[in-house]
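What follows is a short report on a single structure.
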Amino acid sequence: MSEIRYVRGDATVPSVKGVKVIAHVCNDLGGWGKGFVLAVSRRWPEPEAAYRAWHRDRASNDFGLGAVQFVQAEPYVWVANMIGQRGMRTGSKGAPVRYEAIDTALGRLADRAAELGASVHMPRIGCGLAGGKWSRIEPLIAERLVAQGIAVTAYDHGD
C-alpha cells in the first residue's frame, strides 16, 4: 500500500544525502523526557530547548494539537516537533494519541519538506508512549507525504 521505506536503525542518524527532516510526535503538556525525544536530545540540544520555549510561550503562539515546530539541528538536518498527543498517559479516556492531530501535522510537514526538498525520517510515530496503532498512522503518512512525492523512511530501533 505505501512506499514508506522501512529500515532498522536510529532515526536520528539518517544515512542519505540531501536535506533531512526528522519527524516525531510530542505531547501537548510540554513534557519532554521519555521515548524517542531522548535520542533526539542526545544528538542535539536545540529541538528540546525550542519545544520547551514554544510550550512556555503557548499563550502567544500556535502550540497545540496538530501544530509543528521546525528546528534546524545541523546545516542539512531539521527536527519536526509535531504535537499529536493529548496528555501523556493511557487511562480511562484511552491512549493519548490523536490521529486527527497527527494527520494535520503531517500535512504541515509535507509542505515544509517540499519547500526544503527534504526526505523525512521517523520512528513509528505515535506508536510508542502515545499508544497509537501503526495500522492507523501508516495510511496518513502515505497520503500526506508519500503521495506528494516525499521520500519517507521509518526506523525500527534495534539489531
Side-chain angles (χ1 to χ4, degrees), residues 1-2 4 6 8-14 20-73 77-113 118 120-148 150 152-158:
M1 171 202 138
S2 78
I4 299 169
Y6 291 91
R8 285 224 170 272
D10 182 346
T12 68
V13 192
K20 299 164 270 294
V21 177
I22 296 167
H24 68 107
V25 168
C26 301
N27 63 66
D28 65 351
L29 296 179
W32 180 292
K34 287 187 173 165
F36 182 71
V37 297
L38 296 176
V40 171
S41 290
R42 274 195 295 276
R43 286 193 54 91
W44 311 285
E46 298 87 359
E48 177 180 359
Y51 171 78
R52 291 189 185 282
W54 188 31
H55 176 262
R56 187 173 52 250
D57 300 332
R58 65 192 176 281
S60 59
N61 66 37
D62 68 343
F63 185 95
L65 288 171
V68 185
Q69 179 188 52
F70 295 93
V71 182
Q72 193 161 14
V77 179
W78 293 78
V79 174
N81 294 331
M82 304 189 303
I83 311 298
Q85 184 181 329
R86 163 88 66 209
M88 289 192 246
R89 291 207 171 16
T90 297
S92 60
K93 292 190 167 61
V97 67
R98 292 296 177 267
Y99 296 108
E100 310 75 31
I102 289 174
D103 188 41
T104 299
L106 288 169
R108 292 180 170 136
L109 172 60
D111 292 344
R112 189 61 178 272
V120 174
H121 305 266
M122 61 180 68
R124 291 191 187 226
I125 59 168
C127 296
L129 296 170
K133 293 184 173 16
W134 188 246
S135 61
R136 295 222 16 219
I137 293 171
E138 185 184 43
L140 302 177
I141 294 166
E143 183 182 332
R144 296 283 179 212
L145 297 166
V146 176
Q148 308 307 315
I150 296 164
V152 177
T153 304
Y155 294 73
D156 288 311
H157 209 280

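- A side-chain hydrogen bond (donor to acceptor under 3.5 Å, both in side chains) check over residues 124-135, counting only residues at least two apart or in different chains, returns the pairs Y6-W134, R124-D156.
- Looking at residues two or more places apart in sequence or on another chain, you find no side-chain hydrogen bond (donor to acceptor under 3.5 Å, both in side chains) involving D111.
- Smallest separation of non-hydrogen atoms from V97 and G126: CG2-O, 3.9 Å.
- When the side-chain hydrogen bond (donor to acceptor under 3.5 Å, both in side chains) test is applied to R144, the partners found at least two apart in sequence or on another chain are D103.
- Nearest heavy-atom pair, A80 versus L109, reported as atom, atom and distance to 0.1 Å: CB-CD1, 4.1 Å.
- The two residues A105 and A67 make their nearest non-hydrogen contact at CB-O, 4.4 Å.
- Between P123 and A11 the shortest heavy-atom distance is N-CB, 3.9 Å.
- Here the straight-line distance linking atom CD1 of I102 with atom CG of L140 works out to 7.5 Å at 0.5 Å rounding.
- The side-chain heavy atoms of L129 and N27, taken from C-beta on, include no pair separated by under 4.5 Å.
- Sequence neighbours left out, the pairs with a member in residues 50-71 that pass salt bridge (Lys or Arg N to Asp or Glu O under 4.0 Å) are E48-R52.
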Exercise. Just do the ring-ring contact (aromatic ring centres under 6.0 Å, His included) check on F63 and W54 with the steps written out, would you?
Key: CA-CA 6 Å; F63 185 95; W54 188 31; 4.9 Å; yes

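- With sequence neighbours left out, H121 forms a side-chain hydrogen bond (donor to acceptor under 3.5 Å, both in side chains) with S119, Y155.
- Judged as a salt bridge (Lys or Arg N to Asp or Glu O under 4.0 Å), not a single pair has a partner in residues 29-39 (not counting sequence neighbours).
- Y51 is not listed as a side-chain neighbour of V40, based on a closest heavy-atom distance of 4.5 Å or more.
- Atom OG1 of residue T104 and atom CZ of residue R98 lie 13.0 Å apart, to the nearest 0.5 angstrom.
- Summarising the geometry of L38 relative to G33, their closest heavy-atom pair is CD2-O, 3.2 Å, with the distance given to 0.1 Å.
- In terms of modelled atom types and a separation under 3.5 Å, the side chain of N81 and the main chain of P47 share a donor-acceptor contact.
- Residues V79 and E46 are not in side-chain contact: their nearest non-hydrogen atoms beyond the backbone lie 4.5 Å or more apart.
- Considering every non-hydrogen atom in both G131 and A95, the closest pair reads O-CB, 3.6 Å.
- Side-chain atoms of Y99 never come within 3.5 Å of backbone atoms of I137 as a donor-acceptor pair (strictly under, hydrogens ignored).
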Self-check item: Criterion side chain to side chain contact (heavy atoms under 4.5 Å, CB included) on V13 and R43, from CA distance to verdict
Solution: CA-CA 9 Å; V13 192; R43 286 193 54 91; 3.7 Å; yes

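- L145 is listed as a side-chain neighbour of M122, based on a closest heavy-atom distance under 4.5 Å.
- Remark: the backbone N or O of F70 is not paired with any side-chain donor or acceptor of R112 at under 3.5 angstrom.
- A donor-acceptor distance shorter than 3.5 angstrom exists from the side chain of R108 to the backbone of G66, with no hydrogens or angles considered.
- Taking CD1 from I125 and CE from M82, the interatomic distance works out to 3.5 Å, rounded to the nearest 0.5 Å.
- At distances below 3.5 Å, at least one donor-acceptor pair connects side-chain atoms of Q69 with backbone N or O atoms of A50.
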